[in-house]
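Each remark here refers to the structure printed beneath this line.
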Amino acid sequence: MTPLVVPAPRFDLRLTLESGQFFRWSADDDGFTVIRGLRLFRVRPRRDALEVVGADRWFVREFFSLDHDLAATERALRRDRRLWPALDACPGLRFLRQDPWECTAAFICSIASNIPRIAGNVSDLARGYGRPVRLGDASWHSFPRPADIPSEGELRRLRLGFRARYLAQAARLAAGGVLEEIAALPYEEARETLMVLPGVAEKVADCVLLFAYGRLQAFPVDTWIRRVMIERYFEGRRVPDRAIRAFAQERWGDLAGYAQQILYVWSRATARKGRRASLPARSLSE
DNA sequence: GGCCAGGTCCAAT
DNA sequence: ATTGGACATGGC
């Protein structure tokens with residue numbers, strides 16, 4: 001198969017996939033395999049472009065939000081000097097445009113979890129209840145539609161823990177078509193509507209709005225964002241999440257979500273570095 | 001081996 | 001309107 005080459009300036013594919021917004025991909029020494037909905041494709045970075053097998057140009061531009069004017073976003077956010085370290089750490093980070101239900105389900109799974117585990121849960125759900133999808137010799141499974149999500153009991157057997165009930169109930173509501181109307185609603189109403197789903201409150205709703213519906217004003221406050229915001233913008237004072245969110249929307253407006261994502265990636269990267277640096281120089285077993 | 005994880009929900013202030 | 005505890009499990 002001859003690969004399709006799609007122009008993709010200012011795009012760091014690896015950074016974007018690793019940024020914790022999306023879990024349905026894997027890396028090997030020859031690029032990445034990605035599944036979005038029913039579409040399974042291969043992608044690898046080229047200079048200012050993407051080499052793609054298994055997806056068309058239109059899809060690639062849409063999924064990787066390649067028509068988002070990232071330069072303008074970065075320029076606007078650079079007026080905030082306190083954002084410089086995060087901006088410098090994340091050149092080419094973009095939002096993906098995920099399937100709304102899959103994204104909602106994934107972020108229900110994300111509650112009090114961690115990225116490797118979320119990816120595992122999502123993968124288990126797909127293997128157990130999705131449809132097989134093939135590309136060359138690669139065989140994956142699509143993420144199950146709401147009607148194909150099993151009972152709470154089954155989900156507990158899949159080790160979803162207390163998220164099992166949320167997901168089972170959310171699936172029942174989503175099967176009724178709640179998500180279909182979201183795209184047409186203004187941000188606040190879309191958010192309220194999403195929050196009708198069990199397991200979807202402020203934070204998860206904002207993740208879905210950001211990662212599936214392209215609402216860049218959404219500002220999910222998780223433990224990392226709480227920590228970094230309190231440290232950098234509230235002088236260490238402990239404040240309620242809604243104050244953090246209000247502050248972010250006041251300060252960054254329609255770009256708050258992008259500020260959030262680079263702060264998230266940057267704060268985790270620096271935390272990891274700090275942990276590595278603080279490891280004992282020698283192990284006890286030598 | 002604990003601590004904490006891309007929180008939400010509900011009951012008790 | 002705010003706050004604290006329960007909720008399951010696994011990474012690191």
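Chain A is the first sequence line, chain B the second, and so forth, proteins listed ahead of strands; every chain is numbered from 1. When reading the values below, keep in mind they use all heavy atoms of this one structure, side chains included, and skip hydrogens, waters and symmetry mates. Remember, predicted model here, so these are calculated numbers, not experimental data.
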Between Tyr213(A) and Trp101(A), ring centroids under 6.0 Å: no
Assign Glu202(A) to base, sugar-phosphate, or nothing according to its heavy-atom contacts below 4.0 angstrom with the strands shown. sugar-phosphate
Considering just the side-chain nitrogens and oxygens of Arg117(A), establish if one lies under 4.0 Å of OP1 or OP2 belonging to dG10(C). no
Do the side chains of Arg145(A) and Asp99(A) get close enough for a salt bridge, i.e. N-O under 4.0 angstrom? yes
Please pick, from dC12(C), dG7(B), dA8(C), the nucleotide with the shortest atom-to-atom distance to any side-chain atom of Pro116(A). dC12(C)
Please state whether the rings of Phe247(A) and Tyr233(A) are parallel, tilted or perpendicular, taking 30° and 60° as the class boundaries. tilted
Using the P atom as the point on both nucleotides, what is the distance between dT8(B) and dG11(C), in whole Å? 22 Å
Per Ile111(A) side chain, nearest of listed nucleotides dA5(B), dA8(C), dT8(B): dT8(B)
Phe59(A), Trp140(A), Trp25(A), Phe32(A) screened by ring pair (Phe, Tyr, Trp, His ring centres under 6.0 Å) with Phe41(A), the one that passes: Phe59(A)
Does Arg272(A) place a side-chain N or O at less than 4.0 Å from the phosphate oxygens OP1/OP2 of dC12(C)? no
Round to a whole Å and report the spacing from CZ of Phe107(A) to C1' of dA5(B). 14 Å
For the ring pair (Phe, Tyr, Trp, His ring centres under 6.0 Å) test, which of Tyr264(A), Phe22(A), Phe107(A) pairs with Phe211(A)? Phe107(A)
Rounded to whole Å, CD1 of Ile118(A) lies from C1' of dA8(C) at a distance of 15 Å
Without decimals, in angstroms, what is the distance between Arg268(A) CZ and dA5(B) P? 10 Å
Distance check needed: dA5(B) P versus Arg227(A) CZ, whole Å only. 5 Å
What contact category does Gln261(A) fall into here, base, sugar-phosphate, or nothing, at under 4.0 angstrom with non-hydrogen atoms? base
Interatomic distance, CZ@Phe11(A) vs CG@Asp48(A), rounded to 0.5 Å, equals 12.0 Å
Nearest whole Å is fine: how far is dG7(B) C1' from Leu160(A) CG? 14 Å
Rounded distance in Å - CG (Leu167(A)) to P (dT9(C)): 15 Å
Describe the nucleic acid contact of Ser19(A) in one word from base, sugar-phosphate, nothing, applying a heavy-atom distance below 4.0 Å. base
I want to check one thing: is the phosphate of dA5(B), taken as OP1 and OP2, less than 4.0 Å away from some side-chain N or O of Ser113(A)? no
Please classify the nucleic acid contact of Phe22(A) as base, sugar-phosphate, or nothing, using heavy-atom distances under 4.0 Å. nothing
Closest approach to the side chain of Asp222(A), judged atom by atom: which nucleotide of dG7(B), dG11(C), dA8(C) is it? dG7(B)
Rounding to the closest angstrom, what is the interatomic distance between dA11(B) and dA8(C) at atom P? 16 Å
In whole angstrom, give the distance that lies between atom CZ of Arg165(A) and atom C1' of dC7(C). 8 Å
Pairs under 3.5 Å (N/O, protein and nucleotides 9-13 of chain B):
from	atom 1	to	atom 2	distance (Å)
dC9(B)	OP1	Gly199(A)	N	2.9

salt_bridge(Asp124(A), Arg127(A)) N-O dist < 4.0 Å: yes
To the nearest Å, how far apart are Arg163(A) CZ and dG10(C) P? 10 Å
What nucleic acid atoms does Val204(A) come within less than 4.0 Å of, heavy atoms only: base, sugar-phosphate, or nothing? sugar-phosphate
Is Arg156(A) close enough to dA8(C) that one of its side-chain N or O atoms is under 4.0 Å from OP1 or OP2 there? yes
Quick one: CG on Leu96(A) to CD on Glu62(A), what's the gap to the nearest 0.5 Å? 11.0 Å
Do the side chains of Arg78(A) and Asp88(A) get close enough for a salt bridge, i.e. N-O under 4.0 angstrom? yes
Using a 4.0 Å heavy-atom cut-off, does Ile115(A) contact any base of the nucleic acid, only the sugar-phosphate backbone, or nothing at all? sugar-phosphate
How far does the P atom of dC4(B) sit from the matching atom of dG5(C), given to the nearest Å? 15 Å
